2 protein chains.
Amino acid sequence: MQFSKSTDYALHALIHLGLSESRNHIGIKELSASLGVSESYLSKIMSKLRQDGIVRAVPGVNGGYELARPADRITFLDVIHVIEGRQQLFECSNSSSRQHRLLAEGRVERQETERWGQGECLVEKVMVGAERHLHQYLREHTIQMVLDEANRIRSAEGIEK
Amino acid sequence: MQFSKSTDYALHALIHLGLSESRNHIGIKELSASLGVSESYLSKIMSKLRQDGIVRAVPGVNGGYELARPADRITFLDVIHVIEGRQQLFECSNSSSRQHRLLAEGRVERQETERWGQGECLVEKVMVGAERHLHQYLREHTIQMVLDEANRIRSAEGIEK
DNA sequence: TTTATTATCGACATTAAAGGTCCGCATTCA
DNA sequence: TGAATGCGGACCTTTAATGTCGATAATAAA
């Protein structure tokens with residue numbers, strides 16, 4: 001249970017773009033050199049980000065990538081959804097198992113029958129709550145926050161010198 | 001990014017054991033039939049749970065498994081740690097990349113140098129926070145809570161009839 | 001003590017997903 | 001037009017999860 005390297009690459013690439021907002025476009029060469037990943041692989045990831053409207057891409061000479069919207073409107077959850085997909089954190093692998101049937105038996109008229117009967121599982125219920133928590137946190141953290149933190153660190157150095 | 005099926009099996013097996021506390025030991029046959037998994041695979045999972053002290057196992061005639069401690073002291077996090085391991089949710093794959101070196105440059109005397117110099121990464125920092133949140137939630141939810149919920153549902157049926 | 005029953009453990013096979021490369025194509029700009 | 005750049009599909013490699021099998025050890029009952 002771990003986020004993929006692709007998610008790591010995507011987040012770092014976006015931060016690189018954010019730190020380079022002054023310049024126009026950043027090419028895949030610069031990005032891949034900065035992150036230490038091959039151009040070919042990183043370009044796959046950038047394509048996904050483009051398809052989901054996180055970055056814009058411009059082909060041709062002097063082309064490259066830029067953020068498609070302000071960094072404070074790109075959340076960690078946005079990026080993770082693009083790269084990891086939207087499958088849920090936990091899926092009960094067998095809702096028709098004996099265990100579930102036993103609990104579901106005779107519950108034809110009860111309020112909760114619909115959910116249970118359609119495969120809602122008490123374990124899954126807990127895990128869905130966990131996922132909601134996690135997503136809430138990731139939605140509250142944006143690329144801009146990381147940029148701010150980076151700038152704070154750098155300016156603190158400047159003062160010291 | 002998803003929990004493995006093994007985690008699903010482990011949680012359901014523990015719930016089965018919890019619901020069968022009156023009887024002495026539950027064999028792998030009954031468990032695997034209840035969950036719809038092969039005996040051989042499930043027994044691997046049960047072994048892990050035993051090695052980590054979540055369940056006890058008794059070989060021989062009429063042997064089987066039982067919870068090693070009260071269900072309200074077995075948290076979801078306990079089970080996930082046993083099955084999924086304790087690797088962190090996110091690892092920055094390249095702390096010595098150009099991006100990190102640029103930010104770290106010249107920070108020899110600053111307070112935060114230790115952490116940064118040893119590979120702390122601003123992205124990772126956010127993700128570590130996310131993980132803490134998730135773990136907090138999973139630590140607060142126990143097998144007993146699921147058992148209570150299951151009993152609540154069953155007794156509500158009983159009253160209706 | 002013998003026998004049937006049950007969990008344990010290591011070796012292996014299969015499958016699915018992540019990670020990664022290559023190349024031809026389309027687009028842009030000088 | 002030609003060089004630079006991103007796009008997308010086909011393909012390969014590696015890794016982890018999933019799953020099976022068989023030999024061994026431990027236990028209780030006869």
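So that the names make sense, note that chain A is the first sequence line, chain B the second, and so on, each numbered from 1. Everything quoted here is computed from the prediction, not taken from an experiment.
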- Taken to the nearest whole Å, CD1/A:I45 to C1'/C:dA18 is 11 Å
- Query: What nucleic acid atoms does B:Q51 come within less than 4.0 Å of, heavy atoms only: base, sugar-phosphate, or nothing?
  - Reply: sugar-phosphate
- Would you find a donor on one side and an acceptor on the other, under 3.5 Å apart, between the side chain of A:Q2 and the backbone of B:L89? no
- Task: Kindly say whether, by distance alone, the side chain of B:K48 makes a donor-acceptor pair under 3.5 Å with the base of C:dT8?
- Result: no
- Message: Using a strict heavy-atom distance below 4.0 Å, which residues from residues 53-62 of chain B are in contact with DNA chain D?
- Response: B:P59, B:G60, B:V61
- Look only at the side chain of B:S32 and the backbone of B:I28, and say whether a donor-acceptor pair between them is shorter than 3.5 Å. yes
- Residues B:H81, B:H135; criterion ring pair (Phe, Tyr, Trp, His ring centres under 6.0 Å); working and verdict: CA-CA 10 Å; B:H81 270 161; B:H135 283 186; 5.3 Å; yes
- Message: Can you tell me whether the side chain of B:K44 and the base of D:dT20 have a donor-acceptor pair closer than 3.5 Å?
- Response: yes
- Across the strands shown, which category fits A:E84 at heavy-atom distances under 4.0 angstrom: base, sugar-phosphate, nothing? nothing
- Phosphate OP1/OP2 of D:dC7: any A:S47 side-chain N/O under 4.0 Å: yes
- Query: Using a cut-off of less than 4.0 Å, is there contact between a side-chain N or O of A:S6 and OP1 or OP2 of C:dA18?
  - Reply: no
- Give the rounded distance in Å between these two atoms: CE of A:M46 and C1' of D:dG8. 16 Å
- Task: Grab the OH-P distance between B:Y65 and D:dA26 for me, whole Å please.
- Result: 15 Å
- Task: State whether A:Y9 places a side-chain N or O below 4.0 Å from either non-bridging phosphate oxygen (OP1 or OP2) of C:dA18.
- Result: no
- Item | Atom-pair distance (CD on A:Q2; P on D:dT15), nearest Å | 14 Å
- Message: Does B:F3 reach a base, just sugar-phosphate, or nothing at all? Heavy atoms under 4.0 Å.
- Response: nothing
- Would you check if the distance from the ring center of A:H133 to the ring center of A:Y137 is below 6.0 Å? no
- Could you tell me the separation between the CD1 atom of B:I26 and the P atom of C:dT5, rounded to a whole number of Å? 18 Å
Return a table of donor-acceptor pairs under 3.5 angstrom between the side chains of residues 62-71 of chain B and protein atoms on other chains or two or more places apart.
residue, atom, partner, partner atom, Å
B:E66, OE2, B:R56, NE, 3.1
B:R69, NE, B:R73, O, 2.7
B:R69, NH1, B:G53, O, 3.4
B:R69, NH2, B:R73, O, 3.3
B:R69, NH2, B:D78, OD2, 3.1

- Item | Spacing of B:E39 atom CD relative to C:dC9 atom C1', expressed in whole Å | 16 Å
- Would you say the side-chain atoms of B:S20 pair up with the backbone N or O of B:R23, donor to acceptor, closer than 3.5 Å? no
- Message: Roughly what angle, to 10°, lies between the helix axis at the start of the helix from C:dT1-D:dA30 to C:dA30-D:dT1 and the one at its end, five pairs per end?
- Response: 10°
- Message: Can a donor-acceptor pair be found, under 3.5 Å and without considering hydrogens, that links the side chain of B:S34 to the backbone of B:E30?
- Response: no
- Message: Whether the A:Y41 and A:S6 side chains hold a donor-acceptor pair (N or O, under 3.5 Å, no angle test) is what I'd like checked.
- Response: yes
- Atom pair distance, as rounded to whole Å: CG in B:N24 and P in D:dT27: 16 Å
- Query: For B:Y41 and C:dT15, what is the distance between atoms OH and P respectively, to the nearest whole Å?
  - Reply: 15 Å
- Query: Side-chain N or O of B:S43 less than 4.0 angstrom from OP1 or OP2 on C:dA7?
  - Reply: no
- Message: We want to know whether A:T75 and A:E140 form a side-chain donor-acceptor pair, criterion being a heavy-atom distance below 3.5 angstrom.
- Response: no
- Message: Can you identify which nucleotide, out of C:dA18, C:dC22, D:dG8, has its nearest atom closest to the A:S4 side chain?
- Response: C:dA18
- Which pair of heavy atoms, one from B:L35 and one from B:A13, lies closest together, and at what distance? CD1-N, 3.9 Å
- Message: Both B:R50 and A:K5 contact DNA chain C. Which one's nearest nucleotide lies toward the 5' end?
- Response: B:R50
